[in-house]
Number of protein chains: 2
Amino acid sequence: MPSEMTIGRVAKAAGCKVQTVRYYEQIGLVPAPPRSEGNQRLYGQAAVDRLLFIRHARELGFSLPAIRDLIGLSDNPDRPCDAVDAIAKAQLAEVDLRLQRLQALRGELERMIAQCRGGRIAECRVIEVLGDHSLCAAESHDPASPSL
Amino acid sequence: MPSEMTIGRVAKAAGCKVQTVRYYEQIGLVPAPPRSEGNQRLYGQAAVDRLLFIRHARELGFSLPAIRDLIGLSDNPDRPCDAVDAIAKAQLAEVDLRLQRLQALRGELERMIAQCRGGRIAECRVIEVLGDHSLCAAESHDPASPSL
DNA sequence: TCTAAGAGCTACAGTCGCTGTAGCATCAAG
DNA sequence: CTTGATGCTACAGCGACTGTAGCTCTTAGA
């Protein structure tokens, strides 16, 4: 017996909200399960596994379309896994990009905060720095030396 | 003379889209400018400055409500800048959190990709790792069955 | 067996920060 | 004077959910 569960239990088992499960069903990311006599969804372990897969991939930053691709690929296990590799590598590249930008931002924020000396706002460097775009390294995504 | 500009010019000068400028006006982040005889918005340099301020803060990851706060504070320059400091520090803390999580994700992605040996999907570690939450550093859950 | 709380159902609105579209009016250049 | 770019308003849509309203269903206790 696949130990049937209500939506609340699968959601809990997968670590997401009931609405999210229904949403994933709505957009076709998980199949619509059979219903009980009282019209309630009944899930088996496979549903939990798929939800865990989705959640894990989401935590890794994969978009829902990318996850849909991954699911489609994993449902055809005889093809070569180049496509899977490509999706994962694209994801890694995006993560690297986000990391770079975040690190640059972190540097700027620290610089800003270091210059806030607790005086009046009129002298506050945070406001000033935010207003002066020329001091900012963000525009010319140059990881080398923001100067200041 | 504040050298009046149409919305297209300010948008270009501030590096954002025309719609974005109108959106910021709509939500009260920039003041509604005077209009020309033909009902077109006419902006001065101050508008460009404020937009640059907003854009810069957005690039640093500040939310629009936080930016609204910063603008409100900078419009009252006689108060102490503790509040500004607090907002910037909260932002830094959030950035640090995102950095941590992203770095963890990066590690997992690299591990996944390293294990994709170009075989068939059936043997692909990427899919497997995504399905097996127990290999994941993010959160500890039941080491349930992998394999989607 | 009854009852009341809790969980499930559908359908839809709201979130955030924009972006795109439709269908007009206006403006600047040739 | 015409044409094409730009401006206007109003609204819909994006992604990935989350929340709400107003029901129905299930389940545990009295």
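Convention: sequence-line order gives letters A, B, ...; per-chain numbering from 1. Computed over heavy atoms, backbone and side chain alike; hydrogens, waters and symmetry mates excluded.
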Would one find a side-chain N or O of A/Arg68 under 4.0 angstrom from OP1 or OP2 of D/dG15? no
Using a cut-off of under 3.5 Å, enumerate the N/O to N/O pairs linking the protein to nucleotides 18-24 of chain C.
| from | atom 1 | to | atom 2 | distance (Å) |
| --- | --- | --- | --- | --- |
| C/dC18 | OP2 | B/Tyr24 | OH | 2.7 |
| C/dC18 | OP2 | B/Arg58 | NE | 2.8 |
| C/dC18 | O5' | B/Tyr24 | OH | 3.4 |
| C/dT19 | OP2 | B/Thr20 | OG1 | 3.0 |
| C/dG20 | OP2 | B/Lys17 | NZ | 3.2 |
| C/dG20 | N7 | B/Gln19 | NE2 | 3.3 |

Specify the separation, in whole Å, of atom CG of A/Leu29 and atom P of D/dA16. 10 Å
Polar atom pairs (N or O), protein with nucleotides 26-30 of chain C, under 3.5 Å:
| from | atom 1 | to | atom 2 | distance (Å) |
| --- | --- | --- | --- | --- |
| C/dC27 | OP1 | B/Gly38 | N | 3.4 |

Would the distance check show the side chain of B/Arg58 and the main-chain N or O of B/Phe62 forming a donor-acceptor pair, the cut-off being under 3.5 Å? yes
Please report the interatomic distance NZ(A/Lys89) to CG(A/Asp82), rounded to the nearest 0.5 Å. 9.0 Å
Within the side chain of A/Arg106, is there an N or O that forms a donor-acceptor pair under 3.5 Å with the backbone of B/Leu99? no
What is the distance from CD of A/Glu25 to P of D/dT18, rounded to the nearest Å? 17 Å
Spacing between B/Ile27 atom CD1 and C/dC16 atom P, to the nearest angstrom: 10 Å
Rounded to the nearest angstrom, tell me the gap between atom CZ in B/Phe62 and atom P in C/dG17. 13 Å
Does A/Leu42 share a hydrophobic cluster with A/Val18, counting links as ILVMFWY side-chain heavy atoms below 4.5 Å and allowing steps through other members? no
For C/dA7, does OP1 or OP2 lie under 4.0 Å from any side-chain N or O of A/Thr6? no
Output the rounded distance in Å from CZ (B/Arg41) to C1' (C/dA25). 14 Å
State which residues pass side chain to side chain contact (heavy atoms under 4.5 Å, CB included) with B/Asp69; sequence neighbours excluded, sorted by chain then number. B/Ile87
A/Glu4 CD to D/dT26 C1', straight-line distance once rounded to whole Å: 15 Å
Provide, to the nearest angstrom, the distance between the CG atom belonging to A/Leu42 and the P atom belonging to D/dC25. 14 Å
Going by the rule side chain to side chain contact (heavy atoms under 4.5 Å, CB included), which residues pair with A/Leu97 if we only count those two or more places apart in sequence or in a different chain? none
Between atom CZ in A/Arg35 and atom C1' in C/dG8, what is the gap in whole Å? 10 Å
Sequence-distant partners of B/Val48, side chain to side chain contact (heavy atoms under 4.5 Å, CB included), two or more places apart: B/Met5, B/Val10, B/Ala13, B/Gln45, B/Leu52
Report yes if the side chains of A/Ile71 and A/Arg68 come closer than 4.5 Å at any heavy-atom pair, otherwise no. no
Any side-chain hydrogen bond (donor to acceptor under 3.5 Å, both in side chains) involving residues 24-35 of chain A? Give me the pairs, sequence neighbours left out, ordered by first then second residue. A/Glu25-A/Arg41, A/Arg35-A/Asn39
